[in-house]
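Okay, so here's the structure we're looking at.
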Amino acid sequence: MPQKTIQDIFSDYLNKQPIFTNKKALTISYTPEDVPHRDSQINQLGLILAPALKNDRPSNVFIYGGTGTGKTLITRYVTNQLEIAAKKAESDLYVMYVNCKMKRVADTEYRLLAYLANILGKEVPPTGLPTVQVYKIFFDALEERKGVIILIIDEIDALISKVGDEILYNFTRINQELQNIKISIIGISNNVSFIDYIDARVKSALSEEEFVFPPYNAVQLQDILNDRAKIAFSEDRIKEGVISKCAALAAQEHGDARRALDLLRVSGELAERNNDTVITEKHVDLAESKVDMDRILEVVKTQPKQSKSVMYSIFSLLDGATKEKILTGEVYDTYINICSQISLKPLTQRRISDIITELDMLSIINAKVISKGRYGRTREIGLAISKDIHNRVMDYLKKEFYL
DNA sequence: AGTCCACAGGAAGGGCAGGCGA
DNA sequence: TCGCCTGCCCTTCCTGTGGACT
């Protein structure tokens, strides 16, 4: 068979009937027209926010629930609808959304304020001003609007664990300080126990209303996927069992709708790349490992060099396959070695300890504090990723460090 | 019962890059 | 230019601790 030229590949691609008609429907940023299995939450939130239409301040709301349980989606959906209604009723309503997990955007007090001021059309330099002044800029910008402002703070637990709860206290006081506007805060958190850590005054002010989003079960996930698949794929592209398999896999993992959508989307992409016309369960299997692989590789790539070399130290210790668990001290010794090999200035053990904690939080490793009695207290470190991914990450790091 | 290991992890602060107003 | 502010990464110094060993 004659070799395909690059032009053949391109024309094949162009002539091919696409599997996807609207891939966006399978991403988390997509807001569907209706949201199944969340009627009661939608109605509740709607009732709480409705006073905004009559220019009254809605209660502050706190929403909890695991990843992919629809917290953000429902909040945005309801506030979108509210905005439409407000336009009809000609009432002044402004909705602001911020996600505190956006790295280098809103993960500190200063940045959050700067970001919010920016939404309101005020320029704040990325650094340099006293925080008090940024507050003033933000408050002034608010004052220029009138009516009701709904401020959605997503992943609020990430912010508070980093900068403390004072910022929330300041927010709850806006209503007393500014005459023209009424602000209502919707806090969204992945962590249910988070509210216990904040100051009692803030707590009572913020959680005037509370609700919890339970995880989806496999049947519900299946409904969600079916709805989205109708929009995302051309007809008859999905083999029987594919959607239920995606739903089942995601249900096993805390009922996470995001994961279910990822699995289905990647399955489709794999089929497309493979020139298959129909998505089968085989593609879902492949997608499952690819979704994890992509997530981990992405995280690894964006780590700073020091973090990468700690990772490399841990991985190469565990690569010997003699042990499944290693200790902080061993990691540090290996790390010092690696540093001299790649001419990197070694950090102190204290700092490495923090880096290990960070890697643990990124779910790349598992680190558990254990006591070995006479032989001290330390952390026992193991891998949180599969052997396959481990090998891929090792290859990447080796290349990166020319090892 | 007491000791002592090998760290965990908190607190404070240094040094840097970068911005502001005077 | 200077003094003051910020976030970020890091070091230094420190106290705390579970449980094997004596």
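For the numbers below, each heavy atom of this structure counts, side chains included, while hydrogens, waters and symmetry mates do not. Numbered from 1 within each chain, the chains take letters A, B, ... in sequence-line order. Here the structure is a predicted model, which is why all the values come from computation and not from measurement.
Take A:Gln252 and apply the side chain to side chain contact (heavy atoms under 4.5 Å, CB included) test, not counting sequence neighbours, and it matches A:Leu249. A:Tyr77 is linked by a ring pair (Phe, Tyr, Trp, His ring centres under 6.0 Å) to nothing, counting only residues two or more places apart in sequence or in another chain. Here A:Gln306 pairs with A:Tyr335 under the side chain to side chain donor-acceptor pair (under 3.5 Å) rule; sequence neighbours left out. In this view, A:Ser234 and A:Thr21, A:Arg237 satisfy the side chain to side chain contact (heavy atoms under 4.5 Å, CB included) rule, not counting sequence neighbours. The ring pair (Phe, Tyr, Trp, His ring centres under 6.0 Å) search around A:Phe233 returns A:Phe20, not counting sequence neighbours. By the ring pair (Phe, Tyr, Trp, His ring centres under 6.0 Å) test, A:Tyr216 is found to be paired with no residue, residues two or more places apart in sequence or in another chain being considered.
More than 12 heavy-atom neighbours from other residues, nucleotides or ligands sit within 6.0 angstrom of NZ on A:Lys23.
Nucleotide B:dG9 holds its P atom 13 Å from the CD atom of A:Glu358, rounded to whole Å. Here B:dC7 presents its P atom at 17 Å from NZ of A:Lys325, a figure rounded to the nearest Å. A:Glu380 places its CD atom 15 Å from the C1' atom of B:dA8, with the value rounded to the nearest Å. B:dG15 atom C1' lies 11 Å from atom NZ of A:Lys345, rounded to whole Å. In this structure, CG of A:Leu113 is placed 15 Å from C1' of C:dC5, rounded to the nearest angstrom. The nearest whole Å value for the distance from the CG atom in A:Leu347 to the P atom in C:dC9 is 12 Å. We find that CZ of A:Arg379 is positioned 17 Å from C1' of B:dC5, with the value rounded to whole Å. Counting to the nearest Å, the P atom of C:dC8 and the CG atom of A:Asp354 are 15 Å from each other.
Identified under the salt bridge (Lys or Arg N to Asp or Glu O under 4.0 Å) test for residues 306-318 of chain A, with sequence neighbours left out: A:Lys308-A:Glu400.
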Quick one: which protein N/O atoms are closer than 3.5 Å to N/O atoms of nucleotides 12-19 of chain C? Pair and distance per line, please.
residue: C:dT17; atom: O2; partner: A:Arg377; partner atom: NE; Å: 3.1
residue: C:dG18; atom: N2; partner: A:Gly373; partner atom: O; Å: 2.8
residue: C:dG18; atom: N3; partner: A:Ser371; partner atom: OG; Å: 2.9
residue: C:dG19; atom: O4'; partner: A:Ser371; partner atom: OG; Å: 3.3
residue: C:dG19; atom: N2; partner: A:Gly373; partner atom: O; Å: 3.1

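Under the 6.0 Å distance and 45° angle rule, A:Arg228 does not count as a cation-pi partner of A:Tyr30.
Considering only side-chain atoms of A:Tyr110, the nucleotide from C:dT6, C:dT11, B:dA8 that sits closest is C:dT6.
The stretch residues 326-340 of chain A comes close to DNA chain B through A:Thr328, A:Gly329, each having a heavy atom under 4.0 Å from the strand.
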